[in-house]
Amino acid sequence: MPTSVDPSKSSGDRRFPRLLLTGAAGGLGKVLRDSLRPFAHVLRLSDLAALSPAQGAHEEVVPCDLADKAAVDALVAGCDAIVHLGGVSIERPFEEVLEANIKGVFHIYEAARRHGVKRVIFASSNHVIGFYKQSEHIDAHAQKRPDGYYGLSKSFGEDVAQFYFDRWGIETVSIRIGSSFPEPLNRRMMSTWLSFRDLTTLIEKSLFTPGVKHTVVYGMSANRDVWWDNSAAAHLGFVARDSSEPFRAKVEAQPPVATSDPNAIYQGGAFTAQGPFE
Ligand code: NAI
Ligand code: 15L
């Protein structure tokens, strides 16, 4: 079994020997493939979808279906920390979510336990709390209110993270990402937007802050009107540098959203009204 590494205890080099990035072919995975490079000697990149070949000795490409337990076990072997982005990232029929997200996150943690990995960063989502109204302000301790099968899977993932900390001491930061795109795409995202730069900083803090146990943090930039309070994750020392404000005029030039539209009512927006896919 490889020795687990806590780089916060090392003196000079703040890089993990081998950092696993799942979902590496996705929208955020493509960004993080570059921006996480300073934090690992080797980035092991994995996805079900095709990935471009390794760009040098600092990368490894290992295709894997997260629903395949044995494959995930082999994927995690030799890694020192995991940034887990892989899975279905929108509302989909339960059976799809079950395979990629529910079985997938369980397989990741089982493999982490078996191979002595001590730190996981879990890409959770605002859809864990999507049924709160936009008029409400909540922190990480608010009761979960998932807004669909996808939100349920992220809620399950957070519970798995807590269990694997309590039972096995594997530490996790669950980042309830708001909306991480190049720019906010609509009025709701003026509140939920997380820039790629702030996402990278938040992952860096999540990887290297000692003693995080299981921390839940909202992934948002320093937007003007926010619904989420990150005081419970202050120990991460995350300070967002970007804001949705420079995009306000462009977003507000869009047609107005009806007050009865879920996008104007719920924190989870349109996800609250999707399904049941019968
Ligand atoms: P994405 O859909 O672009 O990327 C997800 C990747 O996971 C895809 O490349 C896909 O091929 C892969 N994947 C799906 N099923 C898989 C399986 N069974 N085995 C292996 N890989 C599989 O999503 P995006 O935007 O890059 O998000 C990354 C993560 O962050 C996701 O977990 C998503 O739920 C979460 N997130 C993203 C937000 C955003 O605003 N981009 C907001 C909240 C959460
Ligand atoms: C998510 O969880 C999704 O992965 C992403 O595609 C966006 O829809 C985001 O939430 C959002 O709520 O804007």
Side-chain angles (χ1 to χ4, degrees), residues 20-33 35-36 45-52 61-69 71-72 75-76 82-92 95-108 120-132 134 146-158 173-196 198-200 202-203 216-221 223 227-228 244 251 262-263 266-274:
L20 170 61
L21 177 65
T22 70
L28 299 186
K30 285 187 183 121
V31 171
L32 294 169
R33 179 174 182 168
S35 67
L36 295 185
L45 305 159
S46 184
D47 205 295
L48 189 60
L51 280 158
S52 57
V61 172
V62 182
C64 179
D65 182 351
L66 290 161
D68 181 338
K69 188 174 185 182
V72 174
L75 174 68
V76 169
I82 302 170
V83 178
H84 180 44
L85 304 182
V88 170
S89 64
I90 54 173
E91 183 64 346
R92 294 293 299 160
E95 290 72 15
E96 283 182 38
V97 174
L98 173 66
E99 294 300 316
N101 293 21
I102 294 180
K103 290 185 186 174
V105 75
F106 170 65
H107 294 160
I108 286 286
V120 179
I121 314 308
F122 173 52
S124 185
S125 170
N126 71 88
H127 296 288
V128 169
I129 46 80
F131 261 117
Y132 282 95
Q134 294 179 7
D147 60 22
Y149 306 131
Y150 167 70
L152 281 167
S153 77
K154 295 296 186 179
S155 180
F156 174 76
E158 291 186 7
V173 178
S174 290
I175 305 178
R176 288 182 183 166
I177 303 171
S179 307
S180 196
F181 297 98
E183 58 186 72
L185 303 175
N186 53 45
R187 286 180 168 76
R188 173 181 162 274
M189 289 191 194
M190 290 301 293
S191 292
T192 59
W193 188 61
L194 173 66
S195 72
F196 294 153
D198 286 339
L199 171 67
T200 300
L202 184 48
I203 292 177
V216 174
V217 62
Y218 291 96
M220 59 184 166
S221 287
N223 305 324
W227 311 319
W228 307 321
S244 58
V251 168
N263 275 309
Y266 295 108
Q267 296 188 4
F271 280 56
T272 60
Q274 291 173 2

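When a ligand or atom number is given, it counts from 1 through the structure's own listing order.
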Original post:
Counting both backbone and side chain atoms, is some N or O of I177 under 3.5 Å from an N or O of ligand 1?
Top reply: no
Original post:
Should G27 be counted as touching ligand 1, given the test is an N or O pair under 3.5 Å?
Top reply: yes
Subject >> Whether G219 lies under 4.0 Å from ligand 1, heavy atom >> reply: no
**OP:** Return a yes/no value for L66: is any of its N or O atoms, backbone included, closer than 3.5 angstrom to an N or O of ligand 1?
**Re:** yes
**OP:** Output yes when the distance from some N or O of ligand 1 to some N or O of Y150 is under 3.5 Å, and no in every other case.
**Re:** yes
**OP:** Under 4.0 Å from a heavy atom of C64: give me the atoms of ligand 1 that qualify, with their elements.
**Re:** 19 (N), 20 (C)
Ligand 2 N/O to protein N/O, distances under 3.5 Å:
residue: ligand 2; atom: 2 (O); partner: S125; partner atom: OG; Å: 2.8
residue: ligand 2; atom: 2 (O); partner: Y150; partner atom: OH; Å: 2.6
residue: ligand 2; atom: 4 (O); partner: S89; partner atom: O; Å: 2.5
residue: ligand 2; atom: 4 (O); partner: Y150; partner atom: OH; Å: 3.1
residue: ligand 2; atom: 10 (O); partner: H127; partner atom: NE2; Å: 3.1
residue: ligand 2; atom: 12 (O); partner: N126; partner atom: ND2; Å: 3.0
residue: ligand 2; atom: 12 (O); partner: H127; partner atom: NE2; Å: 2.7
residue: ligand 2; atom: 12 (O); partner: R188; partner atom: NH1; Å: 3.4
residue: ligand 2; atom: 12 (O); partner: R188; partner atom: NH2; Å: 2.7
residue: ligand 2; atom: 13 (O); partner: S179; partner atom: OG; Å: 2.6
residue: ligand 2; atom: 13 (O); partner: R188; partner atom: NH1; Å: 3.1

Original post:
Does ligand 1 have any atom that is closer than 4.0 Å to a heavy atom of A24?
Top reply: no
Subject >> Polar side chain donor-acceptor pair, R92 to N101, under 3.5 angstrom >> reply: no
**OP:** Look at atom 11 (O) of ligand 1 and say which protein heavy atom is nearest, naming residue and atom and giving the distance to 0.1 Å.
**Re:** D47 OD1, 2.6 Å
Subject >> Protein contact of atom 41 (N) of ligand 1 - nearest heavy atom, named by residue and atom, plus distance >> reply: S180 O, 3.4 Å
Subject >> The single option from L28, I175, I121, D47 passing side chain to side chain contact (heavy atoms under 4.5 Å, CB included) against L85 >> reply: L28
Original post:
Would you say S89 has any N or O atom under 3.5 Å from an N or O of ligand 1, going by distance alone?
Top reply: yes
Subject >> Per-atom contacts, ligand 1 versus A100 - under 4.0 Å to a heavy atom >> reply: 15 (N), 18 (N)
**OP:** Go through the side-chain N and O atoms of S174 and E158 and say whether any donor and acceptor fall under 3.5 Å apart.
**Re:** no
Original post:
Just wondering, do S179 and L185 contact through their side chains at under 4.5 Å, heavy atoms?
Top reply: no
Subject >> Inter-residue atom distance Y218.OH - L194.CG, 0.5 Å rounding >> reply: 14.5 Å
Original post:
Looking at ligand 1, does any of its N/O atoms fall within less than 3.5 Å of an N/O of G23?
Top reply: no
Original post:
Does G86, backbone or side chain, put an N or O under 3.5 Å from an N or O of ligand 1?
Top reply: no
Subject >> Which of the ligand 1 atoms, numbered from 1, are nearer than 4.0 Å to a heavy atom of S179 >> reply: 40 (O)
Subject >> Contact check, G87 vs ligand 1, heavy-atom distance below 4.0 Å >> reply: yes
Original post:
What do you reckon, does L28 have a nitrogen or oxygen under 3.5 Å from a nitrogen or oxygen of ligand 1?
Top reply: yes
Original post:
Is any side-chain heavy atom of I108 less than 4.5 Å from a side-chain heavy atom of F122?
Top reply: no
Subject >> ligand 1 contacted by K154 (non-hydrogen, < 4.0 Å) >> reply: yes
**OP:** Considering non-hydrogen atoms only, spot the tightest contact between E96 and V88 and give its length.
**Re:** O-CG2, 3.9 Å
Original post:
Closest heavy-atom contact between P262 and T272?
Top reply: CB-OG1, 3.5 Å
Original post:
F181 heavy atoms, cut-off 4.0 Å: which ligand 1 atoms fall inside?
Top reply: 40 (O)
Original post:
Looking at S125 and K154, what are the two nearest heavy atoms and their distance?
Top reply: CB-CG, 3.9 Å
**OP:** Provide the number and element of each atom of ligand 1 under 4.0 Å from a heavy atom of S124.
**Re:** 43 (C), 44 (C)
**OP:** Output yes when the distance from some N or O of ligand 1 to some N or O of N126 is under 3.5 Å, and no in every other case.
**Re:** no
**OP:** Fit a plane to each ring of F271 and H127, take the angle between them on a 0 to 90° scale, and name the class: parallel (under 30°), tilted (30 to 60°) or perpendicular (over 60°).
**Re:** parallel
Original post:
So do the side chains of Q267 and N126 get within less than 4.5 Å of each other, counting heavy atoms only?
Top reply: no
**OP:** Decide yes or no for C64 and V72: does some side-chain heavy atom of the first lie under 4.5 Å from some side-chain heavy atom of the second?
**Re:** yes
Subject >> Minimum heavy-atom distance between F131 and P146, given as atom pair plus value >> reply: CD1-O, 3.4 Å
Original post:
Are any non-hydrogen side-chain atoms of H107 and L75 less than 4.5 angstrom apart?
Top reply: no
Subject >> Min side-chain heavy-atom separation Y149-Q274 under 4.5 Å >> reply: no
**OP:** Measure the shortest side-chain to side-chain distance between L32 and L199 over non-hydrogen atoms and say whether it is less than 4.5 angstrom.
**Re:** yes
Original post:
Near A25, which atoms of ligand 1 are under 4.0 Å from a heavy atom of that residue?
Top reply: 9 (O)
